[in-house]
Amino acid sequence: MDKINIVRQFYEGGEIKSIVPFGSGHINDTYRVTIEENGETHNYVLQRMNTNVFPDPEMLTNNATKATHFIRKKLRARGEDPEHGTIRFYPAKNGKYFIYDDKGLCWRFENLIDHTVCYDLATSPEMFEATGVAFGQFMADLADFPADQLGEVIPNFHHTGIRFETFRKAVEENLSGRKNTCEKEIAFALEREELAWSLVKKLQSGEIPVRVTHNDTKINNILMDEKTNLPVCIIDLDTIMPGAAAYDFGDSIRFGASNAAEDEKDLSKVFMRLDLFEAYARGYLRTVGKKLSEAEARSLALGAIVITYETGIRFLGDYLNGDTYFKTAYPEHNLVRARTQLKLVEDMEAKKSEMLAIVEKYWKEAQEN
Ligand code: GN1
Ligand code: MG
């Protein structure tokens with residue numbers, strides 16, 4: 001079945017003008033579909049889901065449609081436009097939100113909100129602060145979402161302790177035979193086992209609460225208005241699951257407060273910008289700070305280090321396994337990604353007291369308002 005026929009399973013109207021690769025995801029294959037209808041041109045997203053990573057598309061689409069439905073109600077209550085603030089998935093002719101084609105590949109189709117763009121890096125502190133507001137609002141909107149309605153699409157997704165064990169196994173097995181090319185990085189990662197368990201322990205002891213979280217809060221998972229560069233809509237709801245605020249906050253910092261791309265080869269360019277950290281923390285804590293305990297607020301700074309470490313050992317583990325999980329554009333891609341993450345961990349460790357002071361400042365400010 002070609003892509004036009006696949007689109008037609010979901011959408012019958014108009015004339016399909018183009019279907020082109022879109023976005024920078026590491027897991028699914030994403031295409032932008034342009035359709036001309038009644039003299040207007042609209043864009044849509046066609047996605048081939050990676051069923052090795054997401055083996056249960058039914059659960060996946062269930063989670064995403066339930067969460068968007070819930071958020072739409074919140075937007076309506078605030079007088080905001082629900083069609084603008086959330087993605088809408090289209091049911092296929094089979095009545096489900098996904099189809100399998102004749103090759104057994106799994107597809108879904110959704111709208112792409114007009115006049116929006118995605119960024120891989122924050123272009124200004126103002127933009128990043130607004131991103132903090134958007135993800136803060138997202139968590140606040142889902143605060144009363146019944147977590148038991150969400151399937152765990154990828155079990156233990158941000159259980160960094162289990163991620164560490166998986167990484168240690170990848171080192172031991174050395175399936176790719178590449179271990180000798182990354183001894184320094186492996187040693188750096190193995191030395192930090194304690195970090196892997198730090199947030200997990202806080203969750204297990206109840207020091208910080210379990211919340212419904214996005215779990216992939218990269219800045220490129222927000223559609224920005226093409227004119228104002230301000231957030232319009234949070235996308236990629238594939239990993240909405242119970243989790244911790246610290247992981248979501250931290251993942252935004254890992255990706256968006258870095259001075260360079262996730263796969264920058266020149267490590268001298270890779271460090272965390274404190275001005276961007278502060279901008280995000282301000283936006284986020286001014287939005288949800290009042291709902292967080294002091295311990296939870298303090299865990300946000302640790303969250304940035306832990307999720308960066310987790311992402312680093314996932315990339316390095318995949319490199320050692322022979323690149324079976326993340327898409328790569330060249331043989332060392334996962335190693336290059338792992339190096340940026342571990343460099344960021346080192347840099348954040350050095351800046352930890354400043355990060356803590358910033359979150360405390362905005363958390364306290366939020367309690368007074
Ligand atoms: C993957 O495909 P993408 O870019 O949305 C990964 C995230 C990682 C991210 C690293 C399901 O997300 O967990 O943080 O790459 N998603 C999954 O950039 O594993
Ligand atoms: Mg994702």
Side-chain angles (χ1 to χ4, degrees), residues 21-31 45 47-57 59-61 63-64 67-68 87 89 106 108 110 118-122 131 135 138 150-160 162-164 166-167 170 199 213-223 233-241 243-244 246-258 260-264 270 303-319 321 323-329 333-345:
F22 186 60
S24 48
H26 297 341
I27 309 290
N28 298 321
D29 290 338
T30 308
Y31 302 88
V45 169
Q47 240 179 356
R48 185 179 73 74
M49 282 180 273
N50 179 334
T51 43
N52 291 327
V53 171
F54 297 113
D56 188 344
M59 186 194 274
L60 186 81
T61 47
N63 281 358
T68 49
I87 290 294
F89 296 92
C106 185
R108 70 179 167 194
E110 58 204 71
C118 284
Y119 289 93
D120 279 324
L121 284 174
T131 308
F135 278 117
F138 183 85
L150 289 174
E152 209 180 349
V153 276
I154 303 179
N156 299 314
F157 189 55
H158 286 321
H159 188 309
T160 318
I162 292 179
R163 292 284 186 190
F164 181 85
T166 308
F167 170 69
L199 275 180
T213 49
H214 181 281
N215 293 305
D216 193 7
T217 51
K218 301 195 281 194
I219 194 166
N220 62 15
N221 277 332
I222 299 197
L223 300 177
C233 175
I234 291 177
I235 57 171
D236 189 355
L237 306 178
D238 292 340
T239 45
I240 284 193
M241 277 179 288
Y247 280 104
D248 269 10
F249 177 91
D251 207 22
S252 288
I253 298 302
R254 169 189 83 74
F255 196 84
S258 170
E262 198 182 52
D263 58 357
E264 172 61 55
V270 181
I305 304 178
V306 173
I307 188 76
T308 308
Y309 171 74
E310 179 186 296
T311 312
I313 60 175
R314 289 176 67 196
F315 286 142
L316 193 53
D318 198 33
Y319 175 73
N321 285 337
D323 306 324
T324 55
Y325 187 91
F326 296 105
K327 281 195 237 174
T328 50
H333 206 166
N334 271 321
L335 177 58
V336 168
R337 288 171 177 149
R339 284 186 176 139
T340 63
Q341 302 306 293
L342 300 180
K343 169 79 196 287
L344 281 171
V345 168

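Any value given below was found using the heavy atoms of this structure, including those in side chains, with hydrogens, waters and symmetry copies removed. Order of appearance sets the numbers: ligands from 1, and atoms from 1 within every ligand.
- The two residues Lys343 and Val270 have their closest heavy-atom pair at NZ-O, 2.9 Å.
- For the Mg ion (ligand 2), the set of protein N/O/S atoms nearer than 2.8 Å consists of Asp216 OD2, Asp236 OD2, ordered by chain and number.
- The salt bridge (Lys or Arg N to Asp or Glu O under 4.0 Å) test applied to Asp238 returns Arg108, not counting sequence neighbours.
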For ligand 1, list all ligand N or O to protein N or O distances below 3.5 Å, rounded to 0.1 Å.
| residue | atom | partner | partner atom | Å |
| --- | --- | --- | --- | --- |
| ligand 1 | 2 (O) | His26 | N | 2.7 |
| ligand 1 | 2 (O) | Ile27 | N | 3.3 |
| ligand 1 | 4 (O) | His26 | N | 3.3 |
| ligand 1 | 4 (O) | Lys218 | NZ | 2.5 |
| ligand 1 | 5 (O) | Asp216 | OD2 | 2.9 |
| ligand 1 | 5 (O) | Asp236 | OD2 | 3.1 |
| ligand 1 | 12 (O) | Asp216 | OD2 | 3.4 |
| ligand 1 | 13 (O) | Arg314 | NH1 | 2.8 |
| ligand 1 | 18 (O) | His26 | NE2 | 3.2 |
| ligand 1 | 18 (O) | Lys218 | NZ | 2.7 |
| ligand 1 | 18 (O) | Glu262 | OE1 | 3.2 |
| ligand 1 | 18 (O) | Glu262 | OE2 | 2.6 |
| ligand 1 | 19 (O) | Arg314 | NH2 | 2.7 |
| ligand 1 | 19 (O) | Tyr325 | OH | 2.5 |

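- Applying the side chain to side chain contact (heavy atoms under 4.5 Å, CB included) test between Phe255 and each of Thr311, Ile219, Asn221 identifies Ile219 as the sole match.
- Rounding to the nearest 0.5 Å places NE2 of His159 at 11.0 Å from CG of Leu199.
- Residues satisfying the salt bridge (Lys or Arg N to Asp or Glu O under 4.0 Å) test with Asp56, not counting sequence neighbours, are none.
- For Arg339 and Glu264, the salt-bridge test fails: no basic side-chain N is under 4.0 Å from an acidic carboxylate O.
- Note on Asp29 versus Lys327: salt bridge recorded, some NZ/NE/NH1/NH2 to OD/OE distance being below 4.0 Å.
- Classified by interplanar angle (parallel below 30°, tilted 30° to 60°, perpendicular above 60°), the ring pair Tyr309/Phe164 is parallel.
- Using cut-offs of 30° and 60° on the angle between ring planes, the pair Phe135 and Phe138 is perpendicular.
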